[in-house]
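Have a look at the structure below before the remarks.
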Amino acid sequence: MKGIEYRGISSVDGPIIVVRRAEKEVFYNEIVYVRDKKGEKKTGRVIDLNEDTAIVQIFGSTTGLDLDETSVEFLDEPMELRVGTGLLGRIFNGLGEPIDGLAPIVSSEKIDVNGMPINPYARVYPRDFIQTGISSIDGMNTLIRGQKLPIFSGNGLPHNRLAAQIIRQAKILNSDEQFVMVFAGMGIKYDQAQFFIKSFEESGVLSKVVMFQSLADAPSIERIITPRCALTAAEYLAYKKNMHVLVVMTDMTNYCEALREISTTLGEVPGRKGYPGYLYSNLAELYERAGKIKGSTGSITQIPILTMPNDDISHPIPDLTGYITEGQIVLDRELSQKGVYPPVSALPSLSRLMKDGIGKGMTREDHSAVSSQLFAAYSKVKSIRNLASIIGEEELSAEDKMYMKFGEELEAQFFTQGEFEDRSIEETLDLGWKLLRLLPRNELYRIKPELIEKYMPKAEE
């Protein structure tokens, strides 16, 4: 069938065209070339099939397409990304085409961007601690190699700065193995794209980064392909070249908006807040491409970033993401307004794999206990602050005031750090002990006495 063209299309609606086809085999996600009457070529893909029609999504504008003079060629192949060792240090658009002024990748190897399902039996359980150098993450919401841990943010919060810091500082403890990074930007502004490029250049990590950028002025439909191209590059580097890959995808909210746009154009029955009913499974297709598999020493660790509309964590995008991923890092607007960077909100943040990657031989034997005690104490701080807002601070007991002091110091010293400050896990845990010293010892009920005797004196020196 390859090379057969159909002349004429039935309809055009935004980026969607409908093509009447003969009894020929056409498959879902097949790549299509569409030529207007002047012969100019546009690329698209099949997104739906009926008995005698194919619905094609065009990557770009459909302006100028004539119903009678437009020709459509089905290529009998899915969209593929050309991969090779020359990927690192390159910048591509959302469709995998170079935009850095350099030549295309020279390689005979192309991979389907839609990925291949990973056999659950082939997956290796993630256990290796990743040190990001950020205390609020390393100490209380640890990132594990092979994990998918999203950042839930809001408009105007410093999620891009935090992501860039993680990319610069991420390392595996007690190992010489280096991370390479894959960055996917969907619907991001030009200044945001330049921020990441400049940040990577100044820190010297650009040569270890593959960037895919679909800017805000690019067709919104391109955002659907961008994360798939990025994850295909990550899978090649991880499973073919045995590298440890850190994938940052921003902004997943823009990706979901593009999905909603296509769904509305197709006239599909909307789900929650107008998003398609298949939003969950579509996001799972992306998130589940993280992990480690048997037979390869490489790994893919994902940090998707999404801005919560109206800071609503119950919105469908963060809500469904939280069901699929192994936790979340939540940024807090109130902390940001206090001048705390990074403004990681400790209580709603969670790393479900943390327990398997910390402790003796991995981080330090006191890690779990210190983290648990900091969570418990900070939770009490929040309750006391609510009480103080009602009865006034002067009416609080001496112990309550002690907790208020602890909360202020925790936010000022533990949560707050410089954008280029890289703390080791030992420094983070020692700082935790220093702050716990502000509380009476009988309040440290989540830490074994022998650990208090071993580590508390060091904090008091």
Worksheet item: Are the side chains of Met181 and Val245 in touch, meaning some heavy atoms are under 4.5 Å apart?
Response: no

Item to complete: State the CG-SG distance between Leu320 and Cys256, to the nearest 0.5 angstrom.
Response: 8.0 Å

Discussion item. Could you go through Arg35 and Glu40, starting from their C-alpha distance and side-chain angles, then the distance that decides it, and tell me whether this counts as salt bridge (Lys or Arg N to Asp or Glu O under 4.0 Å)?
Written reply: CA-CA 5 Å; Arg35 293 179 176 85; Glu40 293 182 6; over 6 Å; no

Worksheet item: Going by an N to O cut-off under 4.0 Å, is there a salt bridge joining Lys37 and Glu69?
Response: no

Fill in: Nearest-0.5 Å distance that lies between atom CG in Leu431 and atom OG in Ser135
6.0 Å

Fill in: Stepwise side-chain hydrogen bond (donor to acceptor under 3.5 Å, both in side chains) test for Asn282 and Tyr255
CA-CA 11 Å; Asn282 195 286; Tyr255 171 85; 2.3 Å; yes

Item to complete: Would you confirm whether Glu235, through its side chain, and Thr232, through its main-chain N or O, come within 3.5 Å as a donor-acceptor pair?
Response: no

Item to complete: Verify, without hydrogens or angle tests, whether Asp332 (side chain) and Ser345 (backbone) share a donor-acceptor contact under 3.5 angstrom.
Response: no

Practice prompt. Indicate yes or no for a side-chain donor-acceptor contact from Asp100 to the backbone of Ile91 under 3.5 Å, with no hydrogens or angles considered.
Written response: yes

Worksheet, complete the sentence: The reported gap from CG in Leu88 to CG in Leu237 (rounded to nearest 0.5 angstrom) is 5.5 Å

Item to complete: Determine whether the side chains of Asn310 and Asp312 contain a donor N or O and an acceptor N or O closer than 3.5 Å.
Response: no

Practice prompt. Give the intermediate values and the outcome of salt bridge (Lys or Arg N to Asp or Glu O under 4.0 Å) for residues Glu411 and Arg385.
Written response: CA-CA 14 Å; Glu411 292 172 352; Arg385 283 177 176 173; 2.9 Å; yes

Discussion item. I'd like to know if the side chain of Glu285 pairs up with that of Tyr278 as donor and acceptor (distance under 3.5 Å, no hydrogens or angles considered).
Written reply: no

Worksheet item: Do the side-chain N and O atoms of Ser383 and Asn386 include a donor-acceptor pair separated by under 3.5 angstrom?
Response: no

Discussion item. Using modelled atom types and a 3.5 Å cut-off, is there a donor and acceptor pairing between side-chain atoms of Arg260 and backbone atoms of Lys273?
Written reply: yes

Worksheet item: Counting distance only, does the side-chain N/O of Glu326 pair as donor-acceptor with the main-chain N or O of Leu350 below 3.5 Å?
Response: no

Fill in: Side-chain H-bond candidate by donor/acceptor type, Gln147 with Thr301, under 3.5 Å
no

Worksheet item: Is any side-chain heavy atom of Phe59 less than 4.5 Å from a side-chain heavy atom of Met79?
Response: yes

Item to complete: Scan side-chain atoms only and decide if Thr325 and Arg352 contain a donor-acceptor pair under the 3.5 Å cut-off.
Response: no

Practice prompt. Examine Tyr275 together with His315 and report whether their ring centres are nearer than 6.0 Å.
Written response: yes

Worksheet entry | Ion pair Asp319/Arg272, N-O distance below 4.0 Å | yes

Worksheet item: Within the side chain of Ser371, is there an N or O that forms a donor-acceptor pair under 3.5 Å with the backbone of His367?
Response: no

Item to complete: Evaluate side chain to side chain contact (heavy atoms under 4.5 Å, CB included) for Thr43 paired with Val32, printing each intermediate quantity in order.
Response: CA-CA 6 Å; Thr43 304; Val32 175; over 6 Å; no

Fill in: Donor-acceptor contact below 3.5 Å, side chain Ser349 vs main chain Val330
yes

Item to complete: Evaluate the side-chain proximity of Lys110 to Val83: yes if any heavy-atom separation is below 4.5 Å, no if none is.
Response: no

Worksheet item: Any side-chain heavy-atom pair from Tyr121 and Lys294 closer than 4.5 angstrom?
Response: yes

Worksheet item: When you look at Asp138 and Thr132, which way does the side-chain hydrogen bond (donor to acceptor under 3.5 Å, both in side chains) test go after all the steps?
Response: CA-CA 6 Å; Asp138 292 350; Thr132 65; 2.8 Å; yes

Worksheet item: Are Lys189 and Phe195 in a cation-pi setup, meaning NZ or CZ lies under 6.0 angstrom from the ring centre and within 45 degrees of the ring axis?
Response: no

Worksheet item: With ring centroids as reference points, do Phe74 and Tyr6 lie under 6.0 angstrom apart?
Response: yes

Worksheet item: Quick one: does Gln194's side chain get under 4.5 Å of Gln192's, heavy atoms only?
Response: no

Practice prompt. Report yes if some heavy atom in the side chain of Ile16 is under 4.5 Å from a heavy atom in the side chain of Ile58; otherwise report no.
Written response: no

Item to complete: Would you confirm whether Gln302, through its side chain, and Leu286, through its main-chain N or O, come within 3.5 Å as a donor-acceptor pair?
Response: yes

Discussion item. With no hydrogens and no angle check, just 3.5 Å: does a side-chain donor-acceptor pair link Thr307 and Asp251?
Written reply: yes

Discussion item. Taking Glu30 first and then Arg45, would you say they form a salt bridge - that is, a charged N and a carboxylate O separated by under 4.0 Å?
Written reply: no

Discussion item. Is there a side-chain hydrogen bond (donor to acceptor under 3.5 Å, both in side chains) between Tyr341 and Gln165? Walk through the geometry before answering.
Written reply: CA-CA 11 Å; Tyr341 173 86; Gln165 185 172 3; 2.8 Å; yes

Practice prompt. Decide if the gap between the ring center of Tyr378 and the ring center of Phe415 is smaller than 6.0 angstrom.
Written response: yes

Worksheet item: Going by an N to O cut-off under 4.0 Å, is there a salt bridge joining Glu109 and Arg82?
Response: no

Discussion item. If you take the centroid of each ring, where Trp contributes its six-membered ring, are Phe196 and Phe183 closer together than 6.0 Å?
Written reply: yes

Worksheet item: Hey, is Lys148 close enough to Glu288 for a salt bridge, meaning N to O under 4.0 Å?
Response: yes

Worksheet item: Does a side-chain N-to-carboxylate-O contact under 4.0 Å join Arg7 and Asp68?
Response: no

Worksheet item: Is a side-chain donor or acceptor of Thr62 paired with a backbone partner of Gly14 at a separation under 3.5 angstrom?
Response: yes

Worksheet item: Given side chains that start at C-beta, do those of Asp128 and Lys292 come closer than 4.5 Å, heavy atoms only?
Response: yes

Worksheet item: Is a side-chain donor or acceptor of Gln131 paired with a backbone partner of Ile425 at a separation under 3.5 angstrom?
Response: yes

Worksheet item: Do Asp217 and Tyr190 have side-chain atoms, one donor and one acceptor, less than 3.5 Å apart?
Response: no

Worksheet entry | Reported CD-to-CG distance for the pair Gln417 and Asp422, which is rounded to 0.5 angstrom | 8.5 Å

Discussion item. Quick one, Ile137 and Ile166 - any side-chain contact, counting heavy atoms below 4.5 Å?
Written reply: yes

Worksheet item: Can Glu257 and Arg223 be counted as an ion pair, charged N to O under 4.0 angstrom?
Response: no

Discussion item. Side chains of Asn242 and Ser296 only: does a donor on one sit below 3.5 Å from an acceptor on the other?
Written reply: yes

